[in-house]
Amino acid sequence: MPRLLNIPTSKPNCGSVWVAFVLLGISALNTQAKIVLTVPQQVRLSPNFFTQQLTISWFGGEATTFDLIILRTEFNETVFYNTVPAVVNQDGGRHQWTWTSVEPLECTSLSVKIRSRDGITKSEWSEPQILEGRDLPSNSGHQMYPQDRVVPVGANTTFCCIVEEGKEFRELLYGSTKMNVKRLSRRSYATTAVNQNLSGRTGTNVICRFKDLYKLAGSVVFVGYPPLPTNFECITHDLTSAVCSWDRGRDTNLYGKRKTRYSINKRDCEVSKCVLPQWDGNWTLVAVNPLGQYSLTYSAELLHRVVPVAPDKLAGTTHPWNATVQWQWPYDSYSTLALVCQVELASRNILNVSGVGVRSVFLPHLHPNTKYRVRVRCASQNHFFKWGNWSKEFHFTTRSSAPEAPDVWMWMNRDNTVRVMWKPLTQWQSHGVLTGYQVTLWNLEENEKQTSNLSPKDNSLNLTGWASITGDKKAIATVKAKNTKGMSQPSSIMLGVIDDKSVPLARTIYSSSGFPLSWQHDDNRTCSYLVEWCEAVCTPDCTVDWIRLDAGSTHVSIKDSIVKFQPGVRYNFSLYECPSTSPVLIQRWQGYIQELPRFTSVNLEINQQYCDVVLSWEEIPLAGRGGFLKGYKVYVNNFSNFTLLADLSPKIRTYTVKDLPTSTYEFIVKAYGSAGQDTVSTATIRLKQCGM
Amino acid sequence: MAGTRTRGTSRTTAAKVANLAALVQYECTNLLVLYRKRENLPEDVASDRLVFVSPPSSQLDTRSKLLSLHSALDKCHSLLERAIALEKEDLGGDETGEYENGRRRLKDQLLNLLRSTEELLKAAGGQTVRSLDGSEPYRPSNVFHQKLWVYSVFTEVKLWSETAVAVLQELQSDAAKEPSKRSKRSTRSTRR
């Protein structure tokens, strides 16, 4: 009962009435505040062990807020205590609220109490409602929770180990890491793995060990990622069905029963490809694993997504200089489809061919008796999307054909007999397997022909059986190459003595790019040229090489070829004009790649004439000169002194020493070139008394 | 004469099968090491017995020893097949990994040993007995339980391969002693 207030007032009757009304109002309010809140009734617990959620429901009367306390029963330890707004379930009229436990609900028994609250007014607590854990004595074995959990990378997971009755807890291991534990009850111990990393392929084992017991309790946790596929698209190969594909994206690290499952438009699919019987035009790919779901959509028209399969069963019709390659299509629908195809020839050329249902290609500009590899791929011509796969490689060899005409030249031997030579045909020029060469000699004056058949290994023919060519005798040598398909065009050369006496002879100095040769071109002359070279001392059957040059050429550099350039060896180079019709020698050169100070010895004659000594020596043969001869030096050896007597030009091979006193003398002749000198002769003479 | 030939064959074959058993033992030992390492299992982890066959006692004759051994190896093979199937189904598997290759080799070698033991048993006049065990194949309640069970299977295979080596070596030395016994018997019969 509120105390009445004595409020002094100077006003007589109005003030008293006012106070009375106030007092009446306060009394009414106090009566309402004294409402007794009902204790929540019929508290019911519904656990979801998988989600670790506990749904608590009760009859709570008119109250809208409630205090809720959850304790671990055994240790009477508070796990949750808060005031919660509870929703009334319209069906049963029960209040309901859901709590999520950090630890699995199996770990230990939980007690739940509820009281109503209205401001500072609270009801009594309800009777504790107990959710039994698995650590009761009636479950005497060891256990571990949760089991087989799948969590995302970075999650935190709390595990609990329930020790076997009568045994003692030893340790809890997450993988190989010993964990800190919290005791929840007499038998139950918990630990939390924080910010979990990817598990191994078979999961991470969480193991509970006990003292004096070799048995283990354990659980396996799988840590991975939800699916995240990319690049979803659908194409058609046969213009009927859809082939949808995607990339799996990031590895989820979940395998076996936990691997990602795919479906397209609610049809199950294999890992990264799906064939659907008809073209829907719109597709939704759904990828699901225990950690989540991800969807991708794709839309397209049929004719805009045609990707032809690889052409099949390639075959060919071949000729020496071209071929036709055909292929087949497995689908009839291609016969009305405009296609563009790429034909790749021997990894070099790509040819395009197009047409409705195209199934062949003509390959021009081929070469006889040559192996080719070809493969084909195609795409839709009208709505190009992407190329189809390449076909298997098709190998074919073009047919043989008559060979090319050989390059023919001639060489005049010292005895004026002629050697007809030709460059051996390469495989490319042979157009097939060479069977030999045919050489025909045609004596123009006497109109006689003589034919010789030679093996494919031969590349020259000495005309020793034929009378030496002298004077005006005219003859033509013709060479044809032969293979299984026939003979080449003839290569002919006019045979005749070539006058070289009036032809200028120059020297050529070797450099890294070869022997440089240059000449003046006469605009009146329209013939081509030929440069021939060989060793200056050309024994019979020496190696001769040549090169043909176009009309108008003025220079060439000759490098190593079948004629192998050696130091100390002189080489001759000859330039001919109109080599195929009537060769004319127009210039000559000689050169060494490197001159050596080497000259072979020669005989030295020494004679006394009165009081003079006459020396004469032989010419050094060309083969004995390691360089160009610049001259001779004559020395006399008198009492171990070598004295130079004369420095002579290379044309002079005699020297007279005058008025020598009677004695014995040794004379030495040295030849010299730009690389140095070399002794070629020595002779000794004992002078007789003279001048009497 | 025929007995002489059988003696020579038995000695050779028992030696050969003993080598097969040693190979299984070796493979299984390696696999156990790989498995423990992969699963972070302690060295002293206990395994459960899964094959309940009396070990072949030396008191038994050759045929009985081989029958007992064959029965145990047969059960081991079935267990190993079941273990492999469970691992593939639940955990997927990179079939080219070191563990998977070792597991496949062990299965092939165990099958080879089983068949060779059967041949030996037949040569000794015995016959294999079909298992009448109609119990359901093992189904794990959770993955960790499955892993411990697979470990127990490997341990069982190792144990029985070691037993096979011991039994077959014993049979080998028994067969070596037999010629001297036989010659004494023939002498006795001549005397009669």
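By convention in this document, chain letters (A, B, ...) are assigned in the order of the sequence lines, proteins followed by strands, and residues within each chain are numbered from 1.
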Answer yes or no: is there a donor N or O on one side and an acceptor on the other, between the side chain of [X] and the main chain of [Y], under 3.5 Å?
X      : Y      : answer
B/K147 : A/T202 : yes
A/D148 : B/N142 : no
A/R258 : B/D90  : yes

- Looking at A/V221, A/V220, A/V206, which hits side-chain contact (heavy atoms from CB on, under 4.5 Å) with B/F144? A/V220
Could you tell me if the side chain of [Y] sits less than 4.5 Å from the side chain of [X], heavy atoms only?
X      : Y      : answer
A/I207 : B/L41  : yes
A/L173 : B/N40  : no
B/L91  : A/F222 : yes

Over 12 foreign heavy atoms within 6.0 Å of [atom1], [X]:
X      : atom1 : value
A/R183 : CZ    : yes
B/H145 : NE2   : no
A/F75  : CZ    : yes
B/R38  : CZ    : yes
A/Q293 : CD    : yes
A/E77  : CD    : yes

- Item | Max heavy-atom pair count under 4.5 Å with chain B, selected residue of A/K215, A/Q147, A/K259 | A/Q147
- Is it the backbone or the side chain of A/S219 that comes under 4.5 Å from a heavy atom of chain B, or both, or neither? backbone
- Query: Hey, mind stepping through B/D44 and A/R209 against salt bridge (charged side-chain N to carboxylate O under 4.0 Å, His left out) and telling me if it holds?
  - Reply: CA-CA 11 Å; B/D44 57 352; A/R209 300 193 69 182; 2.8 Å; yes
